[in-house]
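Keep in mind it's a predicted model, so treat the numbers as computed, not measured. Letters A, B, ... mirror the listed sequences (proteins, then strands); counts begin at 1.
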2 protein chains.
Amino acid sequence: MIDTAEFTTEALCRSMLDRHRDTIVVQKPDFAIRKLSVIVTAALNLSNSNGFQAMSLRDLSKASGVSMGGLYAYFDSKTTLLKMILEEVTGQVQRVLADPPQTMTIDPVDHLKWLIDTHIRLTEAMQPWFSFAFLEAKNFPPSERRTAVDSEILTESYFAAVIDRAVAEGRFRADVSPLLPSLIKPLLQEWYVKRSKYRRRGVSMETYIETVQDLVLNACLPERRS
Amino acid sequence: MIDTAEFTTEALCRSMLDRHRDTIVVQKPDFAIRKLSVIVTAALNLSNSNGFQAMSLRDLSKASGVSMGGLYAYFDSKTTLLKMILEEVTGQVQRVLADPPQTMTIDPVDHLKWLIDTHIRLTEAMQPWFSFAFLEAKNFPPSERRTAVDSEILTESYFAAVIDRAVAEGRFRADVSPLLPSLIKPLLQEWYVKRSKYRRRGVSMETYIETVQDLVLNACLPERRS
DNA sequence: ATCCATTTTTCGAGCGTTCGCTCGAAAAAT
DNA sequence: ATTTTTCGAGCGAACGCTCGAAAAATGGAT
């Protein structure tokens with residue numbers, strides 16, 4: 001299970017700062033991280049409310065309490081701010097999904113369940129980040145849009161690989177639809193896209209995870225799951 | 001099966017014109033429909049490329065060949081244009097899904113399969129419209145956002161009702177997840193959201209429909225489908 | 001058919017506003 | 001005294017939208 005302490009705003013902003021130490025003007029890391037956290041938090045709030053395009057830097061300045069000029073100590077253009085957040089999300093996805101615990105990789109069925117569980121828990125821990133990265137993506141500039149699409153393709157490939165392996169090992173039916181990996185992804189996105197709806201209806205993350213796992217495994221396993 | 005002739009751009013624009021005859025300045029219906037088609041087609045193209053907010057009316061003017069002033073003969077604000085398109089989509093969804101052929105309502109399983117089939121075929125026939133209405137929705141003004149959300153809730157309720165009926169009649173397992181109707185919706189949206197991806201991979205609409213139907217029914221039926 | 005008077009439709013420069021972004025100076029830290 | 005950080009008024013560009021005039025279409029009267 002993922003460690004939520006790795007995904008606090010401050011921890012993520014520390015990672016962002018490391019990756020952009022050359023373009024960020026502010027020298028003292030402690031100051032920089034604290035201020036970057038305030039800026040990013042405000043940026044995610046505003047973007048997820050009305051869209052990234054609709055968020056003006058004056059809005060961001062007012063909401064974060066950092067002056068116009070002050071913002072430009074942390075990024076050299078609005079698109080760079082977008083890129084910084086987006087790359088942080090895609091980087092975490094790759095980092096987390098790429099190395100499952102060894103105990104989970106013995107059985108491909110366990111591995112598949114782990115992928116579903118971990119992906120949903122990751123998006124839960126970084127919900128505003130994921131909403132920003134993948135709901136806004138279609139309005140991003142071409143280069144950044146590509147980054148978001150590539151990340152989705154990579155995620156899908158993890159599911160495709162483990163399902164292929166389960167079929168090859170005879171754990172799954174041979175006629176599992178080749179579309180299945182593509183269909184799993186929107187089920188995972190549904191959780192963070194409609195997060196507030198499920199909160200309102202009292203659906204816990206654990207229940208959601210189990211439901212998706214059951215739905216997927218019912219389509220794969222030779223016999224019905226108990 | 002739905003009749004694609006009902007969903008040509010011209011037919012849809014005729015419906016839009018009827019609904020806004022009072023605010024549209026142009027008198028002759030033939031002129032109006034032809035020009036409205038050009039405007040709406042360009043608006044959907046531009047919006048679906050870069051987002052509705054990013055589409056300036058100067059862009060729309062250039063792409064449609066209608067002058068700035070000419071555009072305002074068909075709507076009195078950019079938001080009104082948004083509202084006109086959005087209401088056309090939600091109106092068609094309601095009109096089509098609300099009255100299934102009588103032969104399909106006898107058996108709730110047939111009805112469920114019909115809902116999946118028809119919804120996907122409808123979104124295929126009106127793909128740019130659906131992308132506009134539901135992918136851009138989160139950046140709409142509050143009132144229009146509500147219209148889009150209500151339409152999604154209505155769609156979901158159709159699925160919930162027929163599944164409940166199938167459970168009540170003993171056609172479905174009693175322990176079908178109450179989350180299922182919510183999970184069907186993203187599977188249907190996936191088709192028009194990632195339309196180009198499936199075209200590239202050579203996945204036909206019929207294959208996609210069957211795959212979703214199988215996935216859903218496998219989660220519902222007491223025994224595995226053949 | 002041809003004309004003119006009237007209506008209908010089309011046009012695009014211009015209005016006020018807001019945008020992303022800059023930069024020289026003030027403030028704070030060292 | 002020197003460096004580091006913060007500030008916000010101001011720049012040119014682009015935005016949604018308006019409006020008076022040009023162009024096109026219309027409908028008798030000759």
Would you say the side-chain atoms of B:Ser151 pair up with the backbone N or O of B:Thr147, donor to acceptor, closer than 3.5 Å?
no
For A:Leu57, is there any backbone N or O sitting under 3.5 Å from a side-chain donor or acceptor partner on A:Ser61?
no
Is there a donor-acceptor pair under 3.5 Å between the side chain of B:Glu136 and the backbone N or O of B:Phe52?
yes
From CG of A:Leu71 across to P of C:dG20 the rounded distance in Å is 11 Å
Between A:Thr123 and A:Gln127, is there a side-chain heavy-atom distance shorter than 4.5 Å?
no
Is the shortest distance from a Lys or Arg side-chain nitrogen in A:Arg121 or A:Asp117 to a carboxylate oxygen in the other one below 4.0 Å?
yes
Just jot down the side-chain hydrogen bond (donor to acceptor under 3.5 Å, both in side chains) partners of B:Lys78, sequence neighbours excluded, or say none.
none
Stems formed with participation of DNA chain C [Watson-Crick or G-U wobble, under 3.5 Å, three or more pairs]
C:1-29 with D:2-30
Base, sugar-phosphate, or nothing: which does A:Phe31 touch, judged by heavy atoms less than 4.0 Å apart?
nothing
For the side chain of A:Ser131 and the backbone of A:Pro128, is there at least one donor-acceptor N/O pair under 3.5 Å apart?
no
Over all strands shown, is B:Ser61 touching base, sugar-phosphate only, or nothing at heavy-atom distances under 4.0 angstrom?
nothing
Give me the first and last nucleotide of DNA chain D, going 5' to 3', that has any atom under 4.0 Å from a heavy atom of chain B.
D:dC15 to D:dT26
Given A:Glu152, which of A:Arg146, A:Lys138, A:Lys185 fulfils the salt bridge (charged side-chain N to carboxylate O under 4.0 Å, His left out) condition?
A:Lys185
To the nearest angstrom, the CZ-C1' distance between B:Arg58 and C:dC15 comes to 11 Å
Any base atoms under 4.0 Å from B:Lys35, or only sugar-phosphate, or nothing? Heavy atoms, all strands.
sugar-phosphate
